[in-house]
Amino acid sequence: MNYWLIKSEPFVYSFSDLEKEGVTMWEGVRNYQARNNLRAMKKGDLTLFYHSREGLEVVGIARVVKEHYPDPTAEKGDWSVVEFAPVRRLSHPVTLKTIKSDPSLQEILLVRNGRISVMPLDQDAYERILTHSENPS
DNA sequence: GCCAACGTTGGC
DNA sequence: GCCAACGTTGGC
């Protein structure tokens with residue numbers, strides 16, 4: 001079991017949209033590092049769903065339901081998609097501010113490289129973020 | 001809306 | 001293969 005964090009701009013595609021749709025093809029990733037992370041995802045892996053640009057918080061958990069295959073929306077190049085389904089919404093969102101103020105989360109890529117949209121999380125960081133959602137400050 | 005940080009492109 | 005220029009992302 002691997003853990004991940006994916007970003008989406010909520011005005012483009014929000015966690016609510018995923019809940020409505022039930023399953024989504026995660027299309028449009030055009031960054032090699034992010035693409036390689038998509039390709040490393042296994043069915044059943046869990047990913048935190050983060051709202052970028054607006055909200056700036058982790059709002060829910062999604063699960064990989066289909067492993068990577070070529071991105072049908074890519075006109076050229078070697079790109080991949082996976083499919084996600086919602087698991088649950090967090091009882092309380094965990095803000096970027098909260099994450100940045102937690103000394104044990106300073107090493108995660110969300111903090112260290114703000115520009116990557118699909119990133120791995122180790123289990124400790126994943127659970128730590130969920131702990132924040134259960135015990136909002 | 002601005003702009004820093006980062007990734008990518010392309011001239012040499 | 002270096003690196004300047006450019007485009008994009010995303011926090012503020």
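Chain letters run A, B, ... following the sequence lines, proteins first and then strands; every chain starts at 1. Just so we're clear, the structure is a prediction, and the values are computed from it rather than from any experiment.
Under 4.0 angstrom from either OP1 or OP2 of C/dT8 there lies no side-chain N or O belonging to A/Lys7. The side chain of A/Tyr50 places no N or O atom within less than 4.0 Å of a non-bridging phosphate oxygen (OP1 or OP2) of C/dT9.
Atom CG in A/Asn31 sits roughly 13 Å away from atom P in C/dT8 (whole-Å rounding). To the nearest angstrom, C1' of C/dT9 lies 21 Å from OH of A/Tyr13. Distance CD1 (A/Ile99) to P (C/dC12): 12 Å, rounded to an integer number of Å. Straight-line distance from the CD atom of A/Glu54 to the P atom of C/dG10: 13 Å, rounded to whole Å. Between A/Asn113 atom CG and C/dG10 atom P there is a gap of 9 Å when expressed in whole angstrom units. Whole-Å rounding puts the A/Phe11 CZ to B/dG1 P distance at 12 Å. One atom, CD of A/Gln33, and another, C1' of C/dT8, lie 15 Å apart when rounded to the nearest Å. When the P atom of C/dG10 is taken as reference, atom CZ of A/Arg30 falls 14 Å away, rounded to whole Å.
Considering only the side chain of A/Tyr32, B/dT8 comes nearest among C/dG10, B/dT8, B/dG7. Relative to the side chain of A/Arg115, the nucleotides B/dA5, C/dG10, B/dG7 differ in distance, and B/dA5 lies closest. In the set C/dG11, B/dT8, C/dG10, the nucleotide with an atom closest to the side chain of A/Leu96 is C/dG11.
With 3.5 Å as the limit, one finds a donor-acceptor pair spanning the side chains of A/Thr95 and A/Thr98. Under 3.5 Å, the side chains of A/Ser104 and A/Arg128 contain a donor-acceptor pair of N or O atoms.
Ring orientation note: the planes of A/Tyr3 and A/Tyr126 are tilted relative to one another, at an angle of 30° to 60°.
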Query - Test side chain to side chain donor-acceptor pair (under 3.5 Å) applied to A/Glu27 and A/Tyr13, step by step - result: CA-CA 11 Å; A/Glu27 66 192 56; A/Tyr13 195 87; over 6 Å; no
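Using a 4.0 Å heavy-atom cutoff across all strands shown, A/Lys97 reaches no nucleic acid atom at all.
In terms of hydrophobic clustering, with Ile, Leu, Val, Met, Phe, Trp and Tyr side chains grouped at heavy-atom distances under 4.5 Å, A/Met25 and A/Val118 are assigned to different clusters.
Each of A/Arg53 and A/Arg112 was assigned the nucleotide of DNA chain B with the nearest heavy atom; the assignment lying further toward the 5' end belongs to A/Arg53.
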